[in-house]
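All figures in this text were calculated on a predicted structure; none of them were measured in a lab. By convention in this document, chain letters (A, B, ...) are assigned in the order of the sequence lines, proteins followed by strands, and residues within each chain are numbered from 1.
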There are 2 protein chains.
Amino acid sequence: MAERRTRADAVSNRARIVQVARELLTSTSELPMNAVAKAAGVGQGTLYRNFPTREALLAEVYKADVDVLVASAPDLLAQHDAAAAFRLWLDNVADYARVKRGVLAALEGGELAAGHHDPIAGAIDRLLAAGRDEGTLRADVGAQDVLLLLGFLSRPEAAERAHHVLDLIFNGLRVR
Amino acid sequence: MAERRTRADAVSNRARIVQVARELLTSTSELPMNAVAKAAGVGQGTLYRNFPTREALLAEVYKADVDVLVASAPDLLAQHDAAAAFRLWLDNVADYARVKRGVLAALEGGELAAGHHDPIAGAIDRLLAAGRDEGTLRADVGAQDVLLLLGFLSRPEAAERAHHVLDLIFNGLRVR
DNA sequence: ACCTGAACACCGTTCAAGT
DNA sequence: ACCTGAACACCGTTCAAGT
């Protein structure tokens, strides 16, 4: 199977689409596909061949952020006990959610979350498993449960109360 | 100020709009305004004068359900201690959410929830206050926090795990 | 091989014209 | 006083035609 080199213009088009989408998302939380195509200077067809769904585009836009979030889980586990690591990781998620609301939108129920190997779910699983071994976090909690609970971060009103609500959630996941 | 009798056709139009919307929501969770107008046999203008936003229409459709939910709070408090009443009330909410997903959509961030006198928030406040007096529920929890946490019920994947996630939430709201 | 952009099917919402 | 429905401004998505 011969490796086929993608045309140079195709490569730059794809990169420009992602860059433009990222910029559009800094001003508003909406992302009209036609607006992305126009701002990127490509036809709608080009946009859709690169990213068949908006979820796919969002996943690409926030890939770097998600990678950082996922990578921070083992780092925190190396420096703290599992319960503290989990609590700190939740704060990381909240910080990302505050700055870039779209991260959560991409995360929940989309390509990222529904994919076979959702990296975020993997990070949560790791933290939960450590807490279970330690005996500080409830053994009957799955990554799915945590993802559902974190969904509140995507609501606009969440910003002010995020920290407090995370405390309540964390309190609920600890063993009594 | 003389009471003005609304025209008979106007009254029946309004009732038919609500009835048709309710029926449409049993099959799908979407509610296109034009589809409502067409199914109700009225012009779009009539629909919009009665219900300026979709939220307003949803609020009317689910008014009866919300009333039942709100009324159940004092009933539960009369028969159980505050913590048990709160737990049972949460189950009531989950049951409604399972059957009619739209109740939650109408509840969260919409006319119902954002209104000056959100009845749901009132019911939650009442339950929380009783739990605080009793010393079983955390004093630093507000109705807003609970509403944010309950938002997960509107997600399609929530159905199977709703009961378990509610346990986690309840666990987090209790005093240690 | 990749691209463009007209075109289609759908929204929500408004408002002039009717009764 | 209330209603109708054409019309407008927007979506997402497809696909024939180009290079």
Side-chain angles (χ1 to χ4, degrees), chain A residues 1-25 27-61 101-102 105-106 108-112 114, chain B residues 1-25 27-61 101-102 105-106 108-112 114:
Chain A
M1 39 184 73
E3 283 280 324
R4 278 234 131 272
R5 286 231 305 177
T6 17
R7 251 165 52 179
D9 59 339
V11 171
S12 76
N13 275 343
R14 188 173 217 276
R16 210 164 54 257
I17 287 169
V18 175
Q19 186 195 338
V20 158
R22 210 189 311 270
E23 284 163 10
L24 285 175
L25 282 169
S27 42
T28 39
S29 66
E30 282 151 41
L31 191 64
M33 294 300 261
N34 283 344
V36 173
K38 192 179 176 185
V42 301
Q44 300 98 304
T46 300
L47 171 57
Y48 274 90
R49 191 159 7 77
N50 279 286
F51 303 101
T53 67
R54 196 207 323 283
E55 289 295 343
L57 178 53
L58 285 173
E60 183 71 19
V61 166
R101 183 93 40 78
E108 62 180 30
E111 293 273 310
L112 284 176
Chain B
M1 37 184 75
E3 284 281 326
R4 277 237 132 267
R5 284 232 306 178
T6 19
R7 249 164 52 176
D9 57 339
V11 171
S12 77
N13 276 342
R14 189 172 216 275
R16 210 164 55 254
I17 288 169
V18 175
Q19 186 196 336
V20 157
R22 209 188 313 267
E23 284 163 11
L24 286 176
L25 282 169
S27 42
T28 40
S29 67
E30 282 151 41
L31 192 63
M33 294 297 264
N34 283 343
V36 173
K38 192 179 175 185
V42 300
Q44 299 97 304
T46 300
L47 171 57
Y48 275 88
R49 192 161 4 79
N50 279 287
F51 304 102
T53 67
R54 196 206 323 284
E55 289 294 344
L57 178 52
L58 285 172
E60 184 69 21
V61 167
R101 183 93 39 79
E108 64 181 28
E111 292 272 309
L112 283 175

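Within residues 38-48 of chain B, the residues that place at least one heavy atom under 4.0 Å from DNA chain D are, in residue-number order, B/G41, B/V42, B/G43, B/Q44, B/G45, B/T46. Taken residue by residue, residues 11-24 of chain A places no heavy atom nearer than 4.0 Å to DNA chain D.
Separating the OH atom in B/Y48 from the CE atom in B/M33 is a distance of 4.0 Å, to the nearest 0.5 Å. Taken to the nearest 0.5 Å, the CZ atom of B/R22 stands 9.5 Å off from the CG atom of B/L57.
The side chain to side chain donor-acceptor pair (under 3.5 Å) analysis of residues 27-45 of chain B, with sequence neighbours excluded, yields no pairs.
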- Message: Reading 5' to 3' and counting Watson-Crick or G-U wobble pairs with both distances under 3.5 Å, write the dot-bracket notation for DNA chain C, | for bases paired outside the strand.
- Response: ||.|||||...|||||.||
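Within the nucleic acid shown, B/D9 comes within 4.0 Å of sugar-phosphate atoms alone, with no base atom in reach, counting heavy atoms only. Counting non-hydrogen atoms under 4.0 angstrom, B/R54 reaches the backbone sugars and phosphates but no base.
Contact detail for A/A21 and A/V61: the closest heavy-atom pair is CB-CG2, 3.8 Å.
Atoms CZ (A/R49) and P (D/dG12) sit 18 Å apart, rounded to a whole Å. Atom-to-atom, CD of B/E55 to P of C/dT13 comes out at 11 Å; the value is rounded to the nearest Å. B/F51 has its CZ atom 16 Å from the P atom of C/dG12, to the nearest Å. At whole-Å resolution of the value, CG in A/N50 and C1' in D/dT13 are 15 Å apart. Taking atom CG on B/L57 and atom P on C/dT13, their separation rounds to 12 Å, with Å as the unit.
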Donor-acceptor pairs under 3.5 Å, side chain of residues 8-17 of chain A to any protein atom, not counting sequence neighbours: which ones?
from, atom 1, to, atom 2, distance (Å)
A/D9, OD1, A/R7, NE, 3.2
A/D9, OD2, A/R7, NH2, 3.0
A/S12, OG, A/D9, O, 3.1
A/N13, OD1, A/R16, NH2, 2.9
A/N13, ND2, A/D9, O, 3.3
A/R14, NE, A/N50, OD1, 3.2
A/R16, NE, A/A40, O, 2.9
A/R16, NH2, A/A40, O, 3.1

Listed pairs, N/O of protein and of nucleotides 17-19 of chain D, under 3.5 Å:
none

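Closest contact between the side chain of B/N34 and the listed nucleotides C/dT13, C/dC2, D/dT13 involves C/dT13.
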